[in-house]
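In what follows, every chain begins at residue 1, and chains take the letters A, B, ... in the order their sequences are listed. FYI, side chains are in, hydrogens and waters are out, and symmetry mates aren't considered; it's all heavy atoms of this structure.
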Amino acid sequence: MTAAAIERRPLRHLRARRLTILSALAVAVMVAVVLSLMVGARPVPPADVWQALWSPSGSEPDLIVRDLRVPRTALGVLAGLALGVAGALMQGHTRNPLADPGLLGVTQGAAFAMVLSIVVLRLSSVYGYIWFGLAGALIASAAVFALGLAGGRGAPTPVTLALAGTAVSAFLYALTSTVVLLDQQAMDMFRFWQAGSIAGRDSAVAGQVLPFVAVGLALALANAPGLNALALGEDVARALGRNIALTRFLGIAAITLLTGAAVAACGSLAFIGLIVPHLARALAGPDHRWLLPYSGLAGAALLPAADVAGRVVAHPGELEAGVVLALLGAPFFVALVRRTRSPRL
Amino acid sequence: MRLQAVDVKLGYGDRLIVDGLDLGIETGTVTTIIGPNGCGKSTLLRALGRLLKPLSGHVLLDGRHIHRMPSREVAKILGVLPQAPAAPEGLTVADLVARGRHPHQAWYRQWSAGDEAAVEDALRMTGLLDLAERPLDELSGGQRQRAWISMALAQGTDLLLLDEPTTFLDLAHQIDVLQLVSRLRDEAGRTVVMVLHDLNLAARHSDRLIAMRDGRVVAAGTPHEVMTEPVLDEVFDLEAKVIPDPVTATPLVVPIAIRPRPTETSTPR
């Protein structure tokens, strides 16, 4: 062992450092929000944004900011927050660094329910099929949990959950593919949904998903200490007085609400939930009480930032945020895989 | 006796491993369970630590059914360290030991002065104060095992169950861990139950031994009572000579040969 004496830092010092990082991430979210309000086909200077927000006069910049950019920015922050936290929860529960929030069939459940609602009910507004997307996410997740429960003893294990999630996702994807091949309108919606975007949504959409995200975040934070115990193995967690089944159930409920709300509103963006927790873990270490907030804020900064980038690179057109994230995320992911020490959770 | 097993049947699924066993753990002693691989000693330890629910019979902690007590309440009285536990990458020694305070925390009170003191005591007891900020995966096997024991200590329980705490350690580190166990009994008044494979270390560091074979207790008592040539024969099919340990006068096993058994008489169903 090395002889170098490591200075024992008091816990207070560590706490100050963690709060500083938390503030820095909050600032990053704010910067992304401001950029998202300013940048676009028609740039709006900060002074005009300010005026549009607090004393609108009905001018063109006012309308652009209030009707187009505020809704997509709000949705981007909410969905990024939700997917960042859901991704960290999912990787913690499965102890798998490659797990994304869609692993439990949530994404495919939402997709199938939305496609079905278009074909059967001829719904045409995003406003309408978000509810179906949420319901589909909940049903798929419940089915996966039940299957995972049937396969194991007592509490579902990460392995049975991942297997059940993969099976249910593949099944639902097959159903969705069949339906969209037969129906042009469903195909159009599905193609747009699959790319993943926060643009062009009604201002009511953010309000619609807000309660689900709020409840999901509360459950996620309540889940953090349990996840810390579970990270030491199920036997140690039980020895420390944890109810394993309850901890897992809480976590899955939070993942379902957060991911279901985000993908129903913005489409298939689960990739952000795969990469953001890795960034957060580099800053927070393995303590989920800090990892979850870090991951949420990083997601809330990254998704609007990707959306802004999509407006800049394809100017005067736009590239969907989901496409930008995948383009930027893929190299990051390759770097992650190539890391000499594989991350153990 | 604070921890007892009453007529417990233990197993996984339909595989019965322990078929009706009674046991009491003397308070303030170090008790070691010995026996061949697959004899049910780890299974018994898991049941005593309420990690495994008996198929029938019950485990009593302070006279109460341990499986009917709230798990968190048990966790304040009884600590369990499973075999070869694994920690997430990057976890520091201090963070690991702090997680031992889990049963004493609630969502509205994450960290108290009591937690801080317990963690510091546990680190001091295991000699890890200087390594507190080091990541666990940078430590040697012996240091890592001490860190895990330190976590169980920070839990602040009177009873401590250790499943093979010396596995994968070299001899010096094994002795290091067992001396720590003795100090836990002598200085902190803890009751320790552990599973060990090394018979001579078990005899030297235990007040009581429980020898098991095929899910039943063959002999229980002091090392002098249990570590005898007939018991070794019955438990391990081992022909051995038992002589007094020249240092501690505890029984010292000198193995001679494995005795072939003509027929298996007692296989568990």
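Atoms CG and CZ, from Asp235(A) and Arg46(B) in turn, are 4.0 Å apart once rounded to the nearest 0.5 Å. Between Leu232(A) atom CG and Leu96(B) atom CG the span is 6.0 Å, to the nearest 0.5 Å.
The two atoms that bring Arg99(B) and Pro286(A) nearest to each other are NH2-O, 3.1 Å, heavy atoms only. Across every non-hydrogen atom of Ala231(A) and Pro88(B), the tightest pair is O-CD, 3.5 Å.
Judged purely by atom type and a 3.5 angstrom limit, Gln155(B) uses its side chain to pair as donor or acceptor with the backbone of Ala239(A).
A 4.5 Å side-chain heavy-atom check between His102(B) and Asn228(A) finds every atom pair outside the cut-off. With a 4.5 Å cut-off on side-chain heavy atoms, Arg238(A) and Val80(B) do not count as touching. Looking only at side-chain heavy atoms (C-beta outward), Met151(B) and Val236(A) come within less than 4.5 Å of each other.
At a heavy-atom cut-off of under 4.5 Å, chain A is reached by Ser71(B), Arg72(B) from residues 55-74 of chain B, listed in order of number.
Looking at Pro85(B), only its side chain comes within 4.5 Å of chain A, counting heavy atoms on both sides. Residue Arg289(A) touches chain B through its side chain alone, counting heavy-atom pairs closer than 4.5 Å. Looking at Leu161(B), there are no atoms closer than 4.5 Å to chain A (heavy atoms on both sides), in backbone or side chain.
More than 12 heavy atoms of other residues, nucleotides or ligands shown are found within 6.0 angstrom of NZ on Lys76(B).
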